[in-house]
Amino acid sequence: MEVWLTGTPPELAAAIDALTAAAYVVFCGDPHPLAGVDAGRHRVYLRLALTATARPAPGRPVDRGGQGAALIDLDTARARRAPAWKETPGA
(Lines give C-alpha, C1' and ligand atoms only; values in the text may rest on other atoms or scores of the structure.)
Protein backbone atom coordinates (compact mmCIF):
# COMPACT_ATOMS: atom_id res chain seq x y z
CA MET A 1 0.00 0.00 0.00
CA GLU A 2 1.29 3.45 -0.85
CA VAL A 3 0.29 6.49 1.21
CA TRP A 4 0.98 10.23 1.08
CA LEU A 5 0.71 11.95 4.45
CA THR A 6 0.34 15.71 4.83
CA GLY A 7 0.57 17.66 8.06
CA THR A 8 2.77 19.45 10.53
CA PRO A 9 5.97 17.67 11.62
CA PRO A 10 4.42 16.53 14.97
CA GLU A 11 1.30 15.26 13.16
CA LEU A 12 3.44 13.36 10.66
CA ALA A 13 5.58 11.85 13.42
CA ALA A 14 2.48 10.66 15.30
CA ALA A 15 0.90 9.25 12.12
CA ILE A 16 4.10 7.43 11.11
CA ASP A 17 4.43 5.99 14.63
CA ALA A 18 0.82 4.78 14.54
CA LEU A 19 1.24 3.24 11.09
CA THR A 20 4.50 1.61 12.13
CA ALA A 21 2.65 -0.03 15.02
CA ALA A 22 -0.11 -1.29 12.68
CA ALA A 23 1.89 -2.30 9.60
CA TYR A 24 5.42 -2.87 8.34
CA VAL A 25 6.82 0.36 6.86
CA VAL A 26 8.73 -0.71 3.77
CA PHE A 27 9.82 2.82 2.81
CA CYS A 28 9.51 6.25 4.39
CA GLY A 29 10.47 9.19 2.19
CA ASP A 30 11.93 12.50 3.26
CA PRO A 31 9.45 15.18 4.36
CA HIS A 32 8.92 17.85 1.70
CA PRO A 33 7.85 21.31 2.91
CA LEU A 34 4.73 22.73 1.31
CA ALA A 35 4.35 26.34 0.23
CA GLY A 36 1.65 28.97 -0.04
CA VAL A 37 -1.45 28.38 2.04
CA ASP A 38 0.08 25.15 3.38
CA ALA A 39 3.33 26.76 4.59
CA GLY A 40 4.49 25.07 7.77
CA ARG A 41 3.10 21.72 6.68
CA HIS A 42 5.00 18.88 5.06
CA ARG A 43 4.26 15.93 2.79
CA VAL A 44 5.84 12.48 3.18
CA TYR A 45 5.49 9.28 1.15
CA LEU A 46 5.13 5.88 2.85
CA ARG A 47 5.04 2.39 1.43
CA LEU A 48 3.42 -0.10 3.82
CA ALA A 49 3.10 -3.88 3.92
CA LEU A 50 -0.07 -5.00 5.66
CA THR A 51 -0.62 -8.44 7.17
CA ALA A 52 -3.77 -10.38 7.85
CA THR A 53 -2.99 -11.05 11.52
CA ALA A 54 -5.57 -10.66 14.24
CA ARG A 55 -5.98 -7.18 15.68
CA PRO A 56 -6.69 -6.31 19.30
CA ALA A 57 -10.27 -5.47 20.17
CA PRO A 58 -11.22 -1.85 19.33
CA GLY A 59 -11.01 0.55 22.22
CA ARG A 60 -8.56 -1.57 24.19
CA PRO A 61 -5.11 -0.05 24.69
CA VAL A 62 -2.18 -2.08 23.41
CA ASP A 63 0.79 -2.40 25.75
CA ARG A 64 3.93 -1.70 23.72
CA GLY A 65 6.25 -1.61 26.69
CA GLY A 66 6.38 2.19 26.71
CA GLN A 67 7.28 2.33 23.00
CA GLY A 68 3.95 3.66 21.73
CA ALA A 69 3.14 7.26 20.92
CA ALA A 70 0.04 9.21 21.86
CA LEU A 71 -2.54 9.20 19.09
CA ILE A 72 -3.98 12.45 17.79
CA ASP A 73 -7.75 12.78 17.47
CA LEU A 74 -7.73 14.22 13.94
CA ASP A 75 -11.40 15.27 13.99
CA THR A 76 -10.79 17.39 17.10
CA ALA A 77 -7.56 18.81 15.67
CA ARG A 78 -9.30 19.78 12.42
CA ALA A 79 -12.18 21.40 14.33
CA ARG A 80 -9.75 23.57 16.31
CA ARG A 81 -7.59 24.59 13.33
CA ALA A 82 -8.47 27.96 11.86
CA PRO A 83 -8.85 28.14 8.08
CA ALA A 84 -5.89 29.55 6.19
CA TRP A 85 -8.13 31.98 4.31
CA LYS A 86 -11.06 34.20 5.16
CA GLU A 87 -14.14 34.03 3.06
CA THR A 88 -15.55 37.25 1.69
CA PRO A 89 -19.17 37.70 2.81
CA GLY A 90 -21.54 37.73 -0.14
CA ALA A 91 -19.00 36.34 -2.59
Quiz item: In Å and rounded to the nearest 0.5 Å, what is the CZ to CG distance from Arg43 to Leu12?
Solution: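 One finds 11.5 Å between CZ of Arg43 and CG of Leu12.
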
Quiz prompt | Partner residues of Thr6 under the side-chain hydrogen bond (donor to acceptor under 3.5 Å, both in side chains) criterion, sequence neighbours left out | solution =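 Partners of Thr6 under the side-chain hydrogen bond (donor to acceptor under 3.5 Å, both in side chains) test: none.
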
Exercise. Report the residues that fulfil side-chain hydrogen bond (donor to acceptor under 3.5 Å, both in side chains) with Tyr45, sequence neighbours left out, ordered by chain and then residue number.
Key: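 Partners of Tyr45 under the side-chain hydrogen bond (donor to acceptor under 3.5 Å, both in side chains) test: Glu2, Arg47.
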
Quiz item: Same cluster for Met1 and Leu19 if Ile/Leu/Val/Met/Phe/Trp/Tyr side chains link at under 4.5 Å?
Solution: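 Yes, Met1 connects to Leu19 through the hydrophobic network.
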
Quiz item: Any chain of hydrophobic side-chain contacts (each under 4.5 Å) joining Val3 to Val25?
Solution: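 Both belong to a single hydrophobic cluster.
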
Quiz item: Which atoms form the tightest heavy-atom contact between Ala49 and Ala23, and what is the distance?
Solution: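 That would be O-CB, 3.7 Å.
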
Quiz item: Is any side-chain heavy atom of Pro9 less than 4.5 Å from a side-chain heavy atom of His42?
Solution: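 With C-beta onward as the side chain, the pair touches.
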
Quiz item: Residues two or more places apart in sequence or in another chain: which of them pass side-chain contact (heavy atoms from CB on, under 4.5 Å) with Ile16?
Solution: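 Residues passing side-chain contact (heavy atoms from CB on, under 4.5 Å) with Ile16: Leu5, Thr20, Cys28, Val44, Leu46.
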
